[in-house]
Structure formats: structure tokens, C-alpha cells
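Data first, discussion second: the structure below is written as C-alpha cells.
Residue numbers start from 1 in every chain, and the chains themselves are labelled A, B, ... in the order their sequence lines are given, proteins ahead of strands.
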Amino acid sequence: MIQVLYFARLRDRLGTAGEEIADPPATLGELADSLAARGDDWAEAFGGKVLMAVNQEMADRGTPLSDGDEVGFFPPVTGG
Amino acid sequence: MIQVLYFARLRDRLGTAGEEIADPPATLGELADSLAARGDDWAEAFGGKVLMAVNQEMADRGTPLSDGDEVGFFPPVTGG
Amino acid sequence: MKVRISVQTAPFDLAEEMSRLTGGDVGIGGVASFVGLVRARNRVGEREAEISTLTLEHYPGMTEKALGRIVDTARERWPLQGVTVIHRVGELQLGDPIVLVLTASAHRRAAFESCEFIMDILKTEAPFWKKERLPDGSERWVDARESDGAAAARWLTSP
Amino acid sequence: MKVRISVQTAPFDLAEEMSRLTGGDVGIGGVASFVGLVRARNRVGEREAEISTLTLEHYPGMTEKALGRIVDTARERWPLQGVTVIHRVGELQLGDPIVLVLTASAHRRAAFESCEFIMDILKTEAPFWKKERLPDGSERWVDARESDGAAAARWLTSP
């Protein structure tokens, strides 16, 4: 089981701030691909530039996933 | 007649904050040379790096002098 | 070495942050700072009213971690005696302060460079997002700017 | 465009100067600042007591002119919406603020660069001189530093 969080434009597009996923794939990239395959809104949300974090650290497609991980997906940041 | 002002280390060395000079030479460089020729303290004060201003603008040895000018001599600045 | 990082809705008090940073450390020769403000997006046309409010969202927990990591990198790179980073979240109005970075060092060059470094990296790595509300009531997420990416990238190659 | 230049014995109020600079101008996106402080000359050894006081002398009249010229040069070089330069004179204690430079711009890079530019040029062109009093009561004029000359010179060649 992992926790997945969506932020900002992604969250608005997906209509949800997050979910739990029981049997995640081995890597972050595979997880992103499986989410993008869910349908139009998902494909669109994951079609642009999406940043990814695992356990609140920036990560990339190759980052492995483990039980209990917190995954975040979000658009390029615009703070400051 | 011009007004001559001395600042900081120069003023301390010369023992005066300024003076009026009735018949100044044509240029700032000649004025500095004539002051340096006045004796030991003067030679020493003008022997190091001395900055020069005419009418409160940075100037150099070639700057011409005119009646009524205010001339400043001082060491390299150390503000900020 | 004092480090203070805060993500908060409340405004910050610049003078208080300055004295908190410098108080008691007579080795500090200078403090550089940057304050980012909510500005009208574009001064052409109806210049006073192009945004009515700006809302800052963030990723709680990760934000603090990201800021901490940026500050650590700055401390490794420059001889600093103190760093303060405060970033506001929530709804802000035109002219409101958004972010404060203070860097204290014995030498001004280190203070300036580290302050600019922290701002540049924060702009591309700290998980904050801005949403604008326009005078007609519509809302839109602010797009990331390429110039921010370029500003961050130049620190990779600088000496 | 707001320009404020002051040479004064009194301390400055950072928060007040910031709001004076930014108030009412919603085109300002960021304010960079630098505050220079009286620091212990050397942190080795008896670190708290190496200077007891610092006295700042200046050339009244020329100081304001020189600062005005430096600010004018910065305004020609960067798109600025406001500049404040305050420099104190007279007797100061360890930790006291000496100088404040604030630069406001729509863009942070312009604010940072112009602030550092003003400090670097001020350090080599504005007629201020520091005299230190040591704990034993002796006094000495502070020597100009070569590194300040180098810091000012790099603005001649930067783009």
C-alpha cells in the first residue's frame, strides 16, 4: 500500500487530492504510466510536465517504490 | 582664492581640516605637489595614495582649478 | 549558525527577523535579503487591477524539507553565519510580501550570492504553486517560467 | 521611481524603509537589500572585544552627491522602481547597522544585481572613512581593502 497525493493544477484536473493504491508497480515511472492510462483527464494531467516526489524528496521515473511510501505528483513549482 | 579641505588620516597627519589658498596653481596636480613640498608631515601625507575632488566630484591631477573651487584631499574611502 | 525556516500564512516582521538573525553575533558583517511581493502581472493597460488575489498552495512537509535542503546547500557553498527563509501560503493581496530570505555572513559577497542562490533554487525546487484570481472572478494557475529554470541552472556552473 | 538617499547619525528602521519604498507600487515584484554591520575585525582570539567602537567620518555634501551618482548609474543599468541608500556617520558600537541599501524591481535579478552594484561602488567611491577604537583606547584609521577595489572593478566588464 502506498499513498499518492496530487497538487495544484493536477489535483484540480483529477478532481481528487489523493488516494491509496494497494499494489503499486515497482517504479515511479510505471505508476505514472498506469495513472495516465485511466482515461482522458488522467492522460491530460500526466501529459504535461509533471514533477514527482517519493517520501517528500524529488524523484524520477526510475525511483523504486516500497510499501508505505508517500508519492506526490505535481506541476512545475511557481513559488517565491 | 580656493578652499582646500583635508579628511580622515590626512587631516590628522596635517593637523588641520582645511585652509584657503589665495593664488592656486592651474591644476590639481600642481596644487598637490606644492602642498607636499611644505615639509615632512605634508610630504608623508601626500606620499601615500591620496584621492582628490574638485567641487565635490572626484578629480585627477589634470583637473584645472578656478577661483572659488572647493578642493578635497583624502585617503581611499572605507565606508559601507 | 542560526537557521530559521518557516512556512506560514501570517505576514513576517522584517525588522524582527533581522534582529533575530544578527542578535549577539558580532562576527556578522552584512545581511543580504530578498522580499518577494505580489505584483500586478503586467504593467501595460489597466495596471492596478490585473490580479485581484493570489493564492499560494504548497505540499506540507515536503516544503520544509526542500527549503532545509536548499539552505544546507547554501551553507556548504558559502561561509554563512545565519539564514532565514520564510514563505507564506494562503490567500494574498496585491503588494503583499510572499517570501523573505535573509543571509548573514562576515563578507557581503557571500551574503549576496547565497541569498540569490536560495531564491533561484527555491523558485524551481520548493513545492509551492500560485493561483491567480482575476478581477472578473476567474482563476488560473500560474505557469512556471523558463527564465526561472535558467536562473537556477547557472548555479550549476558558477565557481 | 522613488529615490531616497540619507546620511545620518540616527539608526534606520528597516521595516519603515521597506514600506516607504514599496508602498503603493504594485509593479514591484521584489526588493533586495543589504545591511552592513559593525563586526569584530577578527573572530580568532578574544572574539567579542577586538573593536570597542567604530567612528564614521564623511565629506558632507560630497557624500550625498557621490551616492546620488551611484544610484543614477544603477537606474540606467537596471529597470528599477525604487532605491534607498542610508549611510550612518558618527560613533557606532559592535553589531550596529552602518549602511542600508534597498533596490526594488519587477524582477529579482535586477534587484539583486543593482543592490550589490551600489554596495560595491559605494565601498570605493563614496567619501566615508572608518576609524576604530580598540579596547586599550588606541585609535586607528581602517585601511582600504584591495578586495573592495576588485569587487567594484568587475562591474566595468559585466554585461
**OP:** Pull out the residues in residues 116-132 of chain D that come under 4.5 Å of chain B, heavy atom to heavy atom, sorted by number.
**Re:** M119(D), L122(D), K123(D), T124(D), E125(D), A126(D), P127(D), F128(D), W129(D), K130(D), K131(D)

**OP:** Output the residues of residues 11-43 of chain B for which the shortest heavy-atom distance to chain D is under 4.5 Å, in residue-number order; output 'none' if no such residue exists.
**Re:** R11(B), D12(B)

Subject >> Heavy-atom pair with the smallest gap, counting every atom of V142(D) and T78(B) >> reply: O-CG2, 3.4 Å

**OP:** Rounded to the nearest 0.5 Å, what's the gap from CZ on R69(D) to CE on M58(B)? Could you check?
**Re:** 10.0 Å

Subject >> Members of residues 46-57 of chain B whose heavy atoms come closer than 4.5 Å to chain D >> reply: A53(B), N55(B), Q56(B), E57(B)

Subject >> Neighbours of chain B found in residues 61-68 of chain D - heavy atoms under 4.5 Å >> reply: G61(D), M62(D), K65(D)

**OP:** Could you look at R140(D) and say if it's the side chain, the backbone, both or neither that has a heavy atom under 4.5 Å from chain B?
**Re:** neither

Subject >> Backbone of G80(B) reached by a side-chain donor or acceptor of H87(D) within 3.5 Å >> reply: yes

Original post:
For D143(D), is it the side chain, the backbone, both or neither that has a heavy atom under 4.5 Å from a heavy atom of chain B?
Top reply: both

